[in-house]
Visitor: 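The structure under discussion is supplied below as structure tokens; questions concerning it will follow.
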Amino acid sequence: MRSIRARLLVVLLGSTGLVWFLAVVWIYFSTQAELERVLDARLMEAARMVDSLLTDHRVDLALASIDGNGTSGPQSRAVEPQSYERQLSCQIWSLDGTLVGQSEHAPQGRLTDVKQGFSETDVGGETWRVFAIENEALGVRVMVGDSIRIRDRLVSEVIKGLVAPAALVLPFLGGAIWFSVRRGMSPLKDMEHALAGRDANDLHPLPEARLPKEIAPAVEALNGLFRRVADARDREKSFTAFAAHELKTPLAGLKTQAQIALASADGEVHAHALRQISAGVDRTSRLVRQLLDLAAVEADAEQSSLVAVRASELVARIAGNLSLPSAPPIEVVYDGLDADRPVRIDPVLAALALRNLIENAIVYSPQGARIVVRLSACKGRLDLCVEDEGPGIAADELSRATDRFFRGRHRSSEGSGLGLAIAKEAVSRMGGDLSLENREPHGLRAVLSLPAEELP
């Protein structure tokens with residue numbers, strides 16, 4: 001059953017019906033027990049009253065032994081179904097076994113053979129509940145009883161009197177439950193209509209005022225999703241616009257240099273134009289690679305895959321794969337770290353972040369400068385620090401340095417404004433931090449702080 005409304009109706013109606021049935025069963029047995037107690041008390045009181053009348057000689061035994069026609073002894077009577085009020089029967093027997101007298105509707109057989117107290121006896125195919133009192137002074141035994149069949153009929157009539165009105169109420173109760181469930185589910189229906197009629201580009205949040213507390217978390221989650229999708233679309237639009245702008249500039253430069261080379265017959269002009277074209281291709285290639293790296297980092301939403309790597313091998317692999325021209329020498333310094341000891345990190349994201357930091361340092365370093373890569377590990381963290389001797393970043397621009405395509409006042413012709421943004425995104429995926437600070441007297445220090453597990 002996939003409908004919540006139908007499920008609620010089935011559960012509520014089923015539980016209500018079960019409670020109703022159990023209530024009827026409980027009423028039946030409790031009413032039966034109570035009636036048994038009351039009727040037994042009635043039998044006892046009736047027997048004691050007859051015995052008291054006989055003891056006080058208010059009723060003569062001679063009268064009790066003569067029927068209405070003046071005939072001595074009991075007479076046979078057909079027992080006909082009567083109302084309960086007329087089904088209380090009384091017999092008076094002598095202790096020697098002679099029937100002294102009986103009431104009008106008493107059975108012909110002896111009500112009980114028990115001398116004293118309650119008993120149940122089958123008389124003429126019918127079961128009777130009897131209370132007997134033995135009066136030794138008068139030499140008689142008084143028996144008062146009623147039919148079990150009549151008792152059961154009385155209990156059934158009482159139950160019918162209780163259940164019949166309740167059965168009439170059940171349809172109204174079912175309708176009330178259905179209406180209540182329908183009204184209770186109306187906020188979900190309203191949310192369904194609001195979402196069904198919404199345009200695909202409409203990412204405005206759903207109204208959150210006066211919502212039931214069971215639905216409010218779902219609406220809040222949807223609104224959070226709308227905000228994230230809107231932010232992602234804004235980033236995508238910004239990314240596309242900036243990428244198109246950044247690619248347009250070097251491509252225009254390449255086209256210009258190619259036209260110069262085609263229009264001139266001077267060999268020196270040809271060589272200069274070709275050098276400019278080569279540099280432009282390198283810059284464009286790096287920009288395209290960085291765009292692909294950024295897209296790959298953003299698209300990888302899965303948890304980082306930790307692998308045991310050696311820091312020395314990681315740095316050596318990155319330095320060996322650098323293809324930038326006239327790269328300054330890179331010095332690797334290990335502070336408090338055994339270079340051959342493996343640590344567990346995400347090697348792909350760590351290499352991506354470190355490579356962009358080193359390339360960024362190369363782009364902004366002057367000729368003859370030196371780049372230092374410092375590695376240190378302490379208390380489950382691995383710090384990768386890249387220091388250069390470039391112009392650094394203006395203090396008022398440090399907070400924006402990791403924004404995409406941001407290029408400060410100390411920009412380089414080879415820079416794209418993506419290196420620090422990629423490093424920031426990659427280290428964030430690993431649960432780490434990227435910190436930037438200027439060095440004295442000049443240069444920049446970029447530190448990647450990554451969670452890492454040292455292995456023995």
Side-chain angles (χ1 to χ4, degrees), residues 23-69 71-163:
V24 170
V25 172
W26 179 79
I27 291 173
Y28 175 81
F29 285 107
S30 62
T31 302
Q32 185 179 42
E34 185 65 19
L35 280 176
E36 291 287 344
R37 187 184 66 82
V38 172
L39 295 178
D40 283 350
R42 183 187 183 192
L43 288 180
M44 185 185 300
E45 290 299 324
R48 288 175 176 175
M49 181 183 67
V50 173
D51 180 65
S52 176
L53 292 174
L54 292 175
T55 301
D56 295 342
H57 302 288
R58 298 182 185 181
V59 176
D60 195 348
L61 287 176
L63 294 176
S65 62
I66 299 175
D67 63 13
N69 297 321
T71 305
S72 176
Q75 301 295 323
S76 298
R77 301 177 182 85
V79 179
E80 299 178 358
Q82 302 290 336
S83 64
Y84 181 76
E85 290 80 359
R86 303 186 62 184
Q87 289 303 317
L88 196 62
S89 299
C90 178
Q91 289 181 344
I92 303 174
W93 290 76
S94 65
L95 297 182
D96 58 5
T98 302
L99 178 61
V100 177
Q102 64 179 10
S103 60
E104 181 180 0
H105 295 285
Q108 297 305 306
R110 188 182 182 94
L111 280 176
T112 183
D113 293 327
V114 177
K115 297 180 179 180
Q116 191 88 8
F118 287 102
S119 63
E120 291 187 6
T121 307
D122 186 273
V123 181
E126 187 171 5
T127 304
W128 289 76
R129 177 73 169 172
V130 183
F131 183 79
I133 296 178
E134 187 176 279
N135 192 326
E136 296 182 356
L138 298 178
V140 296
R141 183 177 294 116
V142 179
M143 306 175 187
V144 178
D146 56 5
S147 172
I148 295 297
R149 175 177 55 85
I150 301 301
R151 283 192 174 197
D152 292 341
R153 189 177 69 185
L154 177 61
V155 173
S156 299
E157 290 175 354
V158 171
I159 296 300
K160 289 179 182 178
L162 293 174
V163 172

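For the single chain, residues carry numbers from 1 onward in sequence order.
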Visitor: At their closest point, which heavy atom of Ser147 faces which heavy atom of Trp128, and how far apart are they?
Guide: N-CE3, 3.6 Å
Visitor: What donor-acceptor contacts under 3.5 angstrom involve side-chain atoms of residues 25-33, with partners at least two apart or in another chain?
Guide:
unit_1: Ser30; atom_1: OG; unit_2: Trp26; atom_2: O; d: 2.8
unit_1: Ser30; atom_1: OG; unit_2: Ile27; atom_2: O; d: 3.1
unit_1: Thr31; atom_1: OG1; unit_2: Ile27; atom_2: O; d: 2.5

Visitor: Can you tell me how far CD of Glu134 sits from CH2 of Trp93, rounded to the nearest 0.5 angstrom?
Guide: 14.5 Å
Visitor: Please test Leu35 against Arg151 for side chain to side chain contact (heavy atoms under 4.5 Å, CB included), starting from the C-alpha separation and ending with a verdict.
Guide: CA-CA 8 Å; Leu35 280 176; Arg151 283 192 174 197; over 6 Å; no
Visitor: Check the pair Arg141, Ile92 against side chain to side chain contact (heavy atoms under 4.5 Å, CB included), reporting the backbone distance first and the verdict last.
Guide: CA-CA 6 Å; Arg141 183 177 294 116; Ile92 303 174; over 6 Å; no
Visitor: Work out which heavy atom in Gln91 is nearest to a heavy atom in Ala106; give both atom names and the distance.
Guide: CG-CB, 4.3 Å
Visitor: Is there a donor-acceptor contact under 3.5 Å linking the side chains of Glu120 and Thr127?
Guide: no
Visitor: Should Leu43 and Arg129 count as side-chain neighbours, where that means a heavy-atom distance under 4.5 Å?
Guide: yes
Visitor: Treating Thr121 as the side-chain partner and Val123 as the backbone partner, does any N or O pair qualify as donor plus acceptor under 3.5 Å?
Guide: no
Visitor: Could you pull out the closest heavy-atom pair between Ala132 and Met143, with the gap in Å?
Guide: CB-CG, 4.2 Å
Visitor: I need the minimum non-hydrogen distance between Val130 and Leu111, along with the two atoms involved.
Guide: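 That would be CG2-O, 3.7 Å.
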Visitor: Just distance, no hydrogens or angles: give the donor-acceptor pairs under 3.5 Å from side chains in residues 45-55, sequence neighbours left out.
Guide:
unit_1: Asp51; atom_1: OD1; unit_2: Asn135; atom_2: ND2; d: 2.9
unit_1: Thr55; atom_1: OG1; unit_2: Asp51; atom_2: O; d: 2.8
unit_1: Thr55; atom_1: OG1; unit_2: Asn135; atom_2: ND2; d: 2.9

Visitor: Return the minimal non-hydrogen interatomic distance between Ser119 and Thr112, and the atom names on each side.
Guide: OG-OG1, 2.7 Å
Visitor: Nearest 0.5 Å, what's the CG-OG distance between Leu88 and Ser103?
Guide: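 Separation between the atoms: 7.5 Å.
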Visitor: Would you indicate whether Glu136, at its atom CD, is surrounded by more than 12 heavy atoms from other residues, nucleotides or ligands within a distance under 6.0 Å?
Guide: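 Open.
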